[in-house]
Asks: 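Could you have a look at this structure, given as structure tokens, before my questions?
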Amino acid sequence: MLDLARKRIVLGLTGGIACYKIAELVRRMTEQGATVDVVMTEAATHFITPVTMQALSGRPVFVDAWDARVPNNMAHIDLTRGADAVLIAPASADFMAKLAHGMADDLLSTLCLARACPLLVAPAMNREMWANPATQRNVEQLRADGVSVLGPSAGEQACGETGDGRMLEAHELLTDLIAFFQPKLLAGRHVLLTAGPTSEPVDPVRVLSNRSSGKTGYALARAAREAGARVTLITGATFLPVPRGVTALPVTTARQMHDAVMASVGDADIFIAVAAVADWRVKNVSTQKLKKTSEGGGAPLMEFEPNPDILAEVAKLDNGPWCVGFAAETEKLAEHAEAKRARKGIPLLVGNLAHKVMDADTTELVLFDAQGAHPLPAGDKLDAARRLIAEIAARMPA
Ligand code: C5P
């Protein structure tokens with residue numbers, strides 16, 4: 001299902017050069033299934049035209065409080081009734097000041113005051129305007145009033161200065177908006193995850209690794225973040241972007257992954273071991289690149305030694321986190337998964353058929369707990385991850 005299916009969003013634009021990013025945002029929002037009603041202040045129309053916004057949203061754009069197209073002439077009431085949220089992007093310093101004080105002197109500020117749905121703002125302004133105590137006071141007031149403040153980020157600004165106050169990019173705003181609608185099942189929890197492959201050196205240029213893409217682990221990290229958790233992701237090498245709001249600690253070998261997990265596990269409430277950790281590492285790692293020993297290409301002899309079992313070790317900790325393991329099997333899933341859950345001493349083990357789901361965008365998970373096997377519907381890895389997070393939240397001790 002699309003991430004914003006059946007959502008109607010009132011998107012308010014106020015005056016600022018960041019308006020140029022909103023054309024892209026509207027495209028992405030509608031692509032995700034949202035119905036977008038654009039409302040602009042008069043100042044915003046100097047930066048991007050209502051024509052552009054109407055073409056991209058496919059719906060009439062409102063600027064004027066006296067717009068006669070609304071049958072009862074009450075656009076400030078009607079536009080937000082039945083809406084799922086109002087998002088102000090860009091939110092200028094002036095507009096936030098008005099919001100903080102409940103002023104209502106144009107259509108957008110009046111509909112914000114008259115709304116009966118959540119309000120999100122994405123500030124965009126010069127760094128001095130952002131740092132000004134008056135702006136900071138207003139932002140604090142908005143937060144205290146239950147308004148969600150998205151960003152701002154830091155960086156180069158259109159005015160030529162560098163600092164805080166840049167509006168988030170369209171894709172970041174979209175991610176935050178989607179996250180806003182996810183239930184906050186893990187609010188206040190710290191979720192620690194491992195993801196991706198480990199890679200064990202053979203010599204200075206060769207490694208032994210596996211085909212784990214990290215997609216399931218990264219999707220779970222995103223889903224845990226969307227559910228309101230603080231998320232630490234200990235990750236082997238992948239080609240994936242780190243999910244927004246997630247702290248990622250990159251590692252290479254199983255021992256590095258073990259050490260990073262042990263350093264972060266102290267205050268973790270939940271540990272989800274998704275990584276495909278190499279069971280063995282090469283014992284006799286060569287300090288020089290291995291050479292063919294004869295014309296026929298005589299193969300070198302490799303000796304192996306076992307890697308630490310990170311999940312089993314975390315599961316044994318006194319006052320340790322609630323542990324979830326993964327089992328990627330190629331046959332006899334239920335049999336192997338049940339045995340693994342018992343061997344690792346964990347309350348929940350998630351099984352899948354490795355050859356079907358490795359590197360794929362879809363997955364088919366089966367949960368194994370003390371009550372037995374519970375298959376989840378097959379689907380997109382992010383949908384599966386959100387479902388799994390809900391299953392974890394439901395099983396967690398309070
Ligand atoms: O030990 P096995 O590979 O059968 O079990 C898989 C589960 O254990 C996965 O959750 C995996 O992340 C975790 N694991 C681990 N450390 C290892 C091997 C596996 O944390 N050395």
Asks: Return yes if some donor-acceptor pair links the side-chain N/O of H258 with the main-chain N/O of A254 below 3.5 Å, else return no.
Replies: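 Absent.
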Asks: For V246 and A221, work out which heavy atoms get closest and say how close.
Replies: CG2-O, 3.8 Å
Asks: Could you tell me whether D37 and R8 make a salt bridge, using a distance below 4.0 angstrom between a side-chain N and a carboxylate O?
Replies: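 Looking at R8 together with D37, the answer is yes, because their closest N to O distance falls below 4.0 Å.
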Asks: Okay, side chain of R28, backbone of Q32: is any donor-acceptor separation there less than 3.5 Å?
Replies: no
Asks: With a 4.0 Å cut-off, would you call D369 and R341 a salt bridge?
Replies: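 Looking at R341 together with D369, the answer is no, because their closest N to O distance does not fall below 4.0 Å.
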Asks: Does the T52 side chain pair with the main chain of I48, one donor and one acceptor, at a distance under 3.5 Å?
Replies: no
Asks: Does atom NE2 (H46) have a neighbourhood of more than 12 heavy atoms from anything else shown, all under 6.0 Å?
Replies: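 Check passes, neighbour count above 12.
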Asks: For A83, is there any backbone N or O sitting under 3.5 Å from a side-chain donor or acceptor partner on T80?
Replies: no
Asks: From W322 CH2 over to L348 CG, what is the distance, rounded to the nearest 0.5 angstrom?
Replies: 4.5 Å
Asks: Identify the heavy atoms of L173 and A122 that sit nearest to each other, and give their distance.
Replies: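 Looks like CD2-CB, 3.6 Å.
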Asks: Sort and list the pairs that fulfil side chain to side chain donor-acceptor pair (under 3.5 Å) and have at least one residue in residues 267-276, not counting sequence neighbours.
Replies: H190-D267, R230-D267
Asks: Under 3.5 Å, side chain of S92 to main-chain N/O of F95, donor-acceptor pair present?
Replies: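 The answer is yes, because a donor-acceptor pair under 3.5 Å joins these two groups.
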Asks: Does either side chain, that of Y218 or that of S213, offer a donor lying less than 3.5 Å from an acceptor on the other one?
Replies: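 Judged by distance alone, the side chains do not pair up.
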Asks: Between T14 (side chain) and P90 (backbone), is there a donor-acceptor pair under 3.5 Å?
Replies: yes
Asks: Can you see which heavy atom on N126 is nearest to which on C159, and at what distance?
Replies: ND2-SG, 3.4 Å
Asks: Do the charged groups of D78 and R81 touch, with an N to O distance under 4.0 Å?
Replies: no
Asks: Between N210 and A276, is there a donor-acceptor pair closer than 3.5 Å when you use the side chain of the first and the backbone of the second?
Replies: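 Checking the backbone N and O of A276 against the side chain of N210, a donor-acceptor pair under 3.5 Å is found.
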Asks: Check this for me: does any side-chain nitrogen of one of E391 and R387 sit under 4.0 Å from a carboxylate oxygen of the other?
Replies: no
Asks: Looking at R137 and E140, is there a salt bridge between them, counting it only when a charged N and a carboxylate O are closer than 4.0 Å?
Replies: no
Asks: I'd like to know whether CG of D380 has more than 12 heavy-atom contacts from other residues, nucleotides or ligands below 6.0 angstrom.
Replies: yes
Asks: Looking at S264 and V261, would you say the former's side chain and the latter's main chain have a donor-acceptor pair under 3.5 Å?
Replies: no
Asks: Determine whether a donor-acceptor pair (N or O, by modelled atom type, separation under 3.5 Å) exists between the side chain of T194 and the backbone of A275.
Replies: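 Indeed, once roles are kept as given, a pair shorter than 3.5 Å links the two residues.
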Asks: Is there a salt bridge (charged side-chain N to carboxylate O under 4.0 Å, His left out) between E329 and K340? Walk through the geometry before answering.
Replies: CA-CA 11 Å; E329 303 294 342; K340 195 167 289 190; 3.1 Å; yes
Asks: Salt-bridged, E226 to K184, with N to O below 4.0 Å?
Replies: no
Asks: Is the shortest distance from a Lys or Arg side-chain nitrogen in D309 or K344 to a carboxylate oxygen in the other one below 4.0 Å?
Replies: yes
Asks: Please list every donor-acceptor pair under 3.5 Å in which a side-chain atom of residues 300-308 meets a protein atom from a residue at least two apart or in another chain.
Replies:
residue : atom : partner : partner atom : Å
E305    : OE2  : R281    : NE           : 3.3
N307    : OD1  : R281    : NH1          : 2.7
N307    : ND2  : A278    : O            : 2.8

Asks: Any donor-acceptor pair under 3.5 Å linking the side chain of N138 with the backbone of A134?
Replies: yes
Asks: How about CZ on R69, more than 12 heavy atoms from neighbouring residues, nucleotides or ligands closer than 6.0 Å, or not?
Replies: yes
